[in-house]
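Hydrogens, waters and symmetry mates play no part in the numbers below; they use all other heavy atoms, side chains included.
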Amino acid sequence: FDMFFLAFVERLFRPTFKKYDFVLGKKLGEGAFGVVYRASLSKKSSFKVPYQKDGDLVLKKATEYGAVEIWMNERVRRACANSCADFVYGFLESSSKKGTEYWLIWRYEGESTLYDLMHSKEFPYNVETMILGEVQELPKGLERENRIIQTIMRQVLFALDGLHSTGIVHRDIKPQNIIFSEGSRTFKIIDLGAAADLRVGINYIPKEFLLDPRYAAPEQYIMSTQTPSAPSAPVATALSPVLWQMNLPDRFDIYSAGLIFLQMTFPGLRSDNGLIQFNRQLKRCDYDLNAWRKSVEPRASSDLRKGFELLDLDGGIGWELLTSMVRYKAGQRMSAKAALAHPYFAREGLLVLSFMQ
Ligand code: ADP
Ligand code: MG
């Protein structure tokens, strides 16, 4: 009850933006369920601060599934605001020619997703510069790259831990859905379009929606059928902690995060083809990373060997962490919280002057 009440009170006191409050800019993305634009507050809008700078906002025009995405973003804003892009407002826009549309507004966090950054020849040094705002004088090499990747993984896991502690499973964790926030100089999660809220049982993935198969854990189909779809709130609140324990649905995201870790350490696995080929190999090894390593290491390219070398630093704690995340059985994967306490993160990462580090 208190959650719904809070949501109601918050709604009362937030500005109620309308369609004509916004001017659309460049298109940033287009998926099956929505189009995303960079946007500004219109000159005619009566709302001024704090969204008055040009292109300060991001606007998503979503289909009927936008309602769930608004719910998730409002939950995140109240419970774990630092985990995700700053959500401003969401509303039903019914005057559109296309019929019912939901409009979602966020603050514009910056121009790069982890996907963009990972596909630069400079990676991971380009990220180091963005996080620190300066160029390091230390020599380039494995140690330094490991430190940068460690810092990125810590930020991603920190954001995931926030979501999971709130009872939200993202279900579409991938580099394209991780944005670098230029304001806080940290990575944040975006795109809660496929997320499930287990505390209240809100879990809606339309039949035609396929989770991204490149990053999905092997239990992808089981999860969407075992989780009840939006039962009445009091029942769900009583049941869902049990459900959470039984299925450990948060570990679905951990698998995806593990694949991101893998892609950061092995440049050859960053491309679609590289990742798809890896997934095929891993499946053939019954999702046993150690078996995969045994099968590829003897004839590994210098690129692959470099990745293993990086994960083998400090007695192989990187490899240990990776193999605790990418496992067939959800119950054997580490939680985000446990991963953050893993010895891999005990060593100093980038020295970032931020309370979140
Ligand atoms: P979808 O994947 O459903 O098209 P997303 O929510 O992932 O929609 O957004 C699409 C793209 O728009 C992202 O990959 C990112 O490049 C950009 N984007 C989304 N939200 C923000 C934001 N708050 N700040 C900056 N860019 C964003
Ligand atoms: Mg996306």
Side-chain angles (χ1 to χ4, degrees), residues 14-15 17-42 45 47 50-77 81-119 156 159 163 168 170-184 186-196 204-206 208-212 214-215 256 260 272:
R14 289 191 82 81
F17 293 105
K18 294 266 160 50
K19 180 180 189 168
Y20 44 75
D21 284 312
F22 303 99
V23 180
L24 301 196
K26 194 183 150 211
K27 193 191 275 189
L28 297 175
E30 180 160 11
F33 302 104
V35 191
V36 179
Y37 304 88
R38 196 161 171 177
S40 318
L41 203 58
S42 151
S45 172
F47 302 104
Y51 312 112
Q52 78 229 111
K53 257 174 62 201
D54 276 357
D56 249 4
L57 302 171
V58 166
L59 192 155
K60 185 187 259 188
K61 294 185 183 181
T63 61
E64 64 263 40
Y65 311 120
V68 176
E69 198 173 346
I70 292 174
W71 161 274
M72 297 296 166
N73 276 280
E74 293 196 336
R75 247 326 249 121
V76 164
R77 187 176 54 204
N82 290 329
S83 288
C84 296
D86 258 2
F87 186 61
V88 176
Y89 191 66
F91 58 96
L92 182 65
E93 169 43 51
S94 43
S95 66
S96 140
K97 283 186 219 83
K98 288 183 199 137
T100 301
E101 265 182 355
Y102 285 93
W103 284 29
L104 292 87
I105 321 287
W106 293 266
R107 199 187 282 276
Y108 179 77
E109 297 281 357
E111 62 178 359
S112 330
T113 63
L114 181 54
Y115 181 90
D116 304 323
L117 294 165
M118 233 168 59
H119 283 82
V156 170
L163 281 184
I168 294 174
H170 186 282
R171 294 198 287 199
D172 199 15
I173 293 294
K174 54 183 177 184
Q176 292 90 332
N177 286 339
I178 296 172
I179 189 104
F180 186 77
S181 166
E182 288 165 13
S184 66
T186 57
F187 286 95
K188 294 181 175 182
I189 292 169
I190 55 171
D191 202 353
L192 296 164
Y204 194 68
I205 295 195
E208 63 269 37
F209 183 93
L210 284 177
L211 297 166
D212 195 317
R214 294 164 303 178
Y215 294 90
S256 313
I260 296 177
D272 269 4

Value rounded to 0.5 Å, distance of [atom1] in [X] from [atom2] in [Y]:
{"X": "L57", "Y": "R38", "atom1": "CG", "atom2": "CZ", "answer": "9.5 Å"}
{"X": "K188", "Y": "W106", "atom1": "NZ", "atom2": "CH2", "answer": "13.5 Å"}
{"X": "D21", "Y": "I105", "atom1": "CG", "atom2": "CD1", "answer": "9.0 Å"}
{"X": "E74", "Y": "F87", "atom1": "CD", "atom2": "CZ", "answer": "5.5 Å"}
{"X": "E109", "Y": "I178", "atom1": "CD", "atom2": "CD1", "answer": "13.5 Å"}
{"X": "F187", "Y": "T113", "atom1": "CZ", "atom2": "OG1", "answer": "9.0 Å"}

Is [Y] close to [X] at the side-chain level, that is, under 4.5 Å between some pair of heavy atoms?
{"X": "D56", "Y": "L41", "value": "no"}
{"X": "Y215", "Y": "I173", "value": "no"}
{"X": "I70", "Y": "F91", "value": "no"}
{"X": "Q176", "Y": "D191", "value": "no"}
{"X": "N73", "Y": "R77", "value": "no"}

Might you point out which heavy atoms bring [X] and [Y] nearest each other, and give the distance in Å?
{"X": "L117", "Y": "S112", "answer": "CG-CB, 3.8 Å"}
{"X": "A195", "Y": "V68", "answer": "O-CG1, 4.4 Å"}
{"X": "G25", "Y": "Y37", "answer": "O-CD2, 3.8 Å"}
{"X": "V36", "Y": "K60", "answer": "CG2-CE, 3.6 Å"}
{"X": "Y102", "Y": "E64", "answer": "CE1-O, 3.6 Å"}
{"X": "A39", "Y": "L24", "answer": "CB-CD2, 4.3 Å"}

Quiz item: Which residues satisfy the salt bridge (Lys or Arg N to Asp or Glu O under 4.0 Å) test with E30, sequence neighbours excluded?
Solution: K27
Quiz item: Can you say whether the rings of F22 and F17 are parallel (under 30°), tilted (30 to 60°) or perpendicular (over 60°)?
Solution: tilted
Practice problem: Indicate the ring-plane relationship of F33 and Y65, choosing parallel, tilted or perpendicular according to the 30° and 60° boundaries. | Solution: perpendicular
Exercise. Walk me through it: do L192 and H170 pass the test side chain to side chain contact (heavy atoms under 4.5 Å, CB included)?
Key: CA-CA 6 Å; L192 296 164; H170 186 282; 3.7 Å; yes
Quiz item: Would you say N177's side chain and D172's backbone share a donor-acceptor pair under 3.5 angstrom?
Solution: yes
Exercise. Without swapping roles, check the side chain of R171 against the backbone of G193 for a donor-acceptor pair under 3.5 Å.
Key: no
Quiz prompt | CD/E182: more than 12 non-hydrogen atoms of other groups inside 6.0 Å | solution = yes
